[in-house]
Amino acid sequence: MCGIIGYAGSQGALEVVIDGLRRLEYRGYDSAGVALLTDQGLAIEKRAGKLSNLMNSLAGRPLDPSTTGIGHTRWATHGGPTDRNAHPHTDCEHKLAVIHNGIIENFVELRQALEKKGHEFSSDTDTESVAHLLEDEYRECNSDLAEAMRRVCRQLRGAFTLVAIHVESPHQVVGARRNSPLVVGRGVDENFLASDVSAFIAHTRSAIELGQDQVVDLRPDSIEITNFDGTPAVTNEYEVTWDSAAAEKGGFDHFMLKEIEEQPRAVNETLMGRVGIDGRLILDEMRLSDDELREIDKIIVIGCGTAYHAGLIAKYAIEHWTRIPVEIELASEFRYRDPIVDRSTLVIAISQSGETMDTLMALRHAREQRARVLAICNTNGSTIPRESDAVFYTHAGPEIAVASTKAFLTQIVAAYLVGLYLAQVRGTKFGDEISEILTQLSAMPAKIEQVLETMEPVRKLANTLKDKQSVLFLGRHVGFPVALEGALKLKELAYMHAEGFAAGELKHGPIALIEEGTPVIVTVPSPRGRSIIHDKVLSNIQEVRARGALTIVIAEEGDESVINFADHIIRIPTCPTLLQPLLATVPLQVFACEMATIKGFDVDQPRNLAKSVTVE
Ligand code: M6R
């Protein structure tokens with residue numbers, strides 16, 4: 001959701017903060033703002049719209065020099081995306097400034113009480129209540145900003161990352177977190193606070209995970225972390241393994257294009273180092289013992305959006321390889337249906353960011369029911385893996401574009417490896433069968449590369465279809481979640497009506513949507529091995545074609561049977577059906593990205609969205 005940065009050091013704070021915001025803007029881009037502690041007091045500038053609006057306004061009205069500052073880029077929840085509601089927010093005396101990510105659930109009662117005491121509000125946000133509460137508590141606790149923050153946090157309900165500065169303490173930044181991310185960056189004579197490490201990776205790779213319900217008191221030469229009750233906190237310091245270049249566009253027009261191109265490497269890295277010299281699969285981070293894994297009698301996969309689609313695909317493979325029943329559920333729905341979960345249930349939580357609130361809340365619910373939780377995550381040190389019993393890290397590298405691409409492919413690979421590991425431990429597959437699938441998986445990066453090399457016709461196709469009202473996506477078996485993912489990408493990026501269907505469902509209603517020229521993109525499974533599904537999909541293509549659809553068929557090389565029914569054919573290399581989503585999704589990503597570009601939309605920051613959804 002929102003992006004947050006705080007800096008205390010010796011460099012110009014404005015430059016550090018703006019550079020951090022530039023790297024965090026993918027988290028939210030409804031407004032942006034900065035607050036600096038200067039010799040003249042608190043200097044604030046904030047603007048609705050993208051960071052560039054703030055930068056233009058700063059160019060026309062430079063702020064006084066400062067070495068301590070905070071910055072915020074917003075995804076609006078409470079209060080529309082206006083200058084007035086942009087963060088930072090201040091107290092009545094304009095002495096302190098606060099930025100916030102999350103939702104303060106009890107802000108209405110807090111605001112009423114504060115107004116009764118005479119505080120004057122100047123925005124519609126929940127955040128401003130925190131500024132006024134801090135004002136009172138700061139006075140109450142002898143001008144100790146960290147203690148004031150702890151006292152305030154104890155009064156708040158909901159999810160929040162808060163960062164504050166006060167004019168009376170010109171070298172101090174105080175941060176706090178509950179259910180929302182905040183990472184500390186340790187530098188030399190300078191320290192940082194941010195929603196994620198990308199904001200300060202250009203300055204330091206040394207990071208500290210701030211735990212749940214902790215407050216950090218940051219100065220240029222010290223970092224003090226306490227729990228909300230004031231006791232010293234236990235923390236985990238680590239080195240970030242990627243460098244700042246990984247979070248740059250590297251010559252591409254958009255992060256999304258770069259991330260699509262990075263997929264062969266991302267899949268390769270996720271596969272690397274998973275097989276021991278005896279040929280057996282080893283999952284180092286799997287903190288669940290073989291005995292625990294043998295006790296499992298049900299798996300529930302949870303995730304949101306693209307991560308949910310990865311889970312849908314994983315179900316086919318994990319059930320097939322392990323014979324354990326697998327349910328897949330939208331994380332946002334999971335805990336509300338009173339799911340049947342106990343100690344023998346393995347919940348697999350899939351999340352690129354590791355911060356998605358719906359997924360976090362679902363996994364907490366699962367753990368309360370004593371289920372074992374395994375996280376599949378791309379972000380080291382984030383909340384979801386921290387709160388899980390076991391973790392499998394995908395090695396996709398930072399994903400900056402809001403639309404998820406390389407995270408999706410690596411989530412599928414990770415879930416497959418987990419499935420194979422379970423099959424190995426439980427003996428539902430022989431060693432040579434597992435080795436064969438691993439060999440097939442290891443061939444996928446080169447095949448994804450091949451797909452990427454043949455994308456020009458897909459770009460041209462996007463141009464041909466740019467004026468269409470609606471695009472439908474069809475698939476069966478693992479091709480069904482691929483269809484859902486293709487439709488999600490097109491909606492998210494090109495703002496077009498798009499829907500994915502299980503091809504067999506079409507005749508139960510959706511076929512009524514087909515008119516003359518309606519584009520229907522169909523993924524055709526390999527004719528080898530599962531010819532029955534292949535033939536059924538061919539029949540479905542004929543059904544839509546007979547009703548006037550323009551058929552765009554994704555089929556493997558050499559499958560001549562599709563030629564007579566396809567207006568356009570997108571060829572992908574041959575591979576087993578279960579692995580086909582790793583190839584078939586790529587043209588759909590390129591198609592959506594190109595469509596958004598043609599329509600002049602912001603590919604990396606589509607409207608109304610944010611990368612990391614840290615509110616429910
Ligand atoms: O960080 P997560 O993987 O938990 O995010 C889940 C979804 O919000 C995310 O996949 C979203 O659907 C993407 N923007 C889709 O491209």
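Computed over heavy atoms, backbone and side chain alike; hydrogens, waters and symmetry mates excluded. Order of listing sets the numbers, starting from 1, for every ligand and every atom in it.
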Of all the atoms in ligand 1, which lie at a distance below 4.0 Å from a heavy atom belonging to Ala403? 16 (O)
Has ligand 1 got any nitrogen or oxygen that is less than 3.5 angstrom from a nitrogen or oxygen of Val402? yes
May I ask you to list the atoms of ligand 1 that are less than 4.0 angstrom from any heavy atom of Glu492? 13 (C), 14 (N), 15 (C), 16 (O)
Would you mind running through ligand 1 and noting each atom that sits below 4.0 Å from a heavy atom of Ser404? 15 (C), 16 (O)
Mark up the atoms of ligand 1 that fall under 4.0 Å of a heavy atom belonging to Lys489, in ascending order. 15 (C), 16 (O)
Between the side chains of Glu355 and Thr383, does any donor sit under 3.5 Å from an acceptor? yes
Using a 4.0 Å cut-off to any heavy atom of Gly305, which atoms of ligand 1 qualify? 12 (O)
Any side-chain donor near an acceptor of the partner, Ser206 and Glu237, under 3.5 Å: yes
Any atoms of ligand 1 less than 4.0 Å from a non-hydrogen atom of Ser353? List them with their elements. 1 (O), 2 (P), 4 (O)
The closest protein heavy-atom partner of atom 7 (C) of ligand 1 is Cys304 O, 3.5 Å
With sequence neighbours left out, write down each residue that passes side chain to side chain donor-acceptor pair (under 3.5 Å) with Arg459, or none if nothing qualifies. Glu456
NZ/NE/NH1/NH2 to OD/OE distance under 4.0 Å, Glu492 and Lys489: yes
Shortest protein heavy-atom distance from atom 15 (C) of ligand 1, along with the residue and atom involved: Thr306 OG1, 3.1 Å
Would you say Ser180 and Asn101 are linked by a side-chain donor-acceptor pair, where the criterion is simply a distance under 3.5 Å? yes
For Ser351, counting its heavy atoms only, list the atoms of ligand 1 lying under 4.0 Å from any of them. 1 (O), 2 (P), 3 (O), 4 (O)
In terms of the angle between their ring planes, are His100 and His87 parallel, tilted or perpendicular, with boundaries placed at 30° and 60°? parallel
Any atoms of ligand 1 less than 4.0 Å from a non-hydrogen atom of Gln352? List them with their elements. 1 (O), 2 (P), 3 (O), 4 (O)
Using a distance-only test with no angle check, is there a side-chain donor-acceptor pair under 3.5 angstrom linking Glu485 and His309? yes
Heavy atoms, side chains only, cut-off 4.5 Å: are Trp321 and Ile437 in contact? yes
Ring centers of Tyr495, Phe601 separated by less than 6.0 Å: yes
Specify the protein heavy atom at minimum distance from atom 8 (O) of ligand 1: its residue, its atom name, and the distance to 0.1 Å. Val613 CG2, 4.1 Å
Protein residue, atom and distance nearest to atom 4 (O) of ligand 1, heavy-atom basis: Thr356 OG1, 2.4 Å
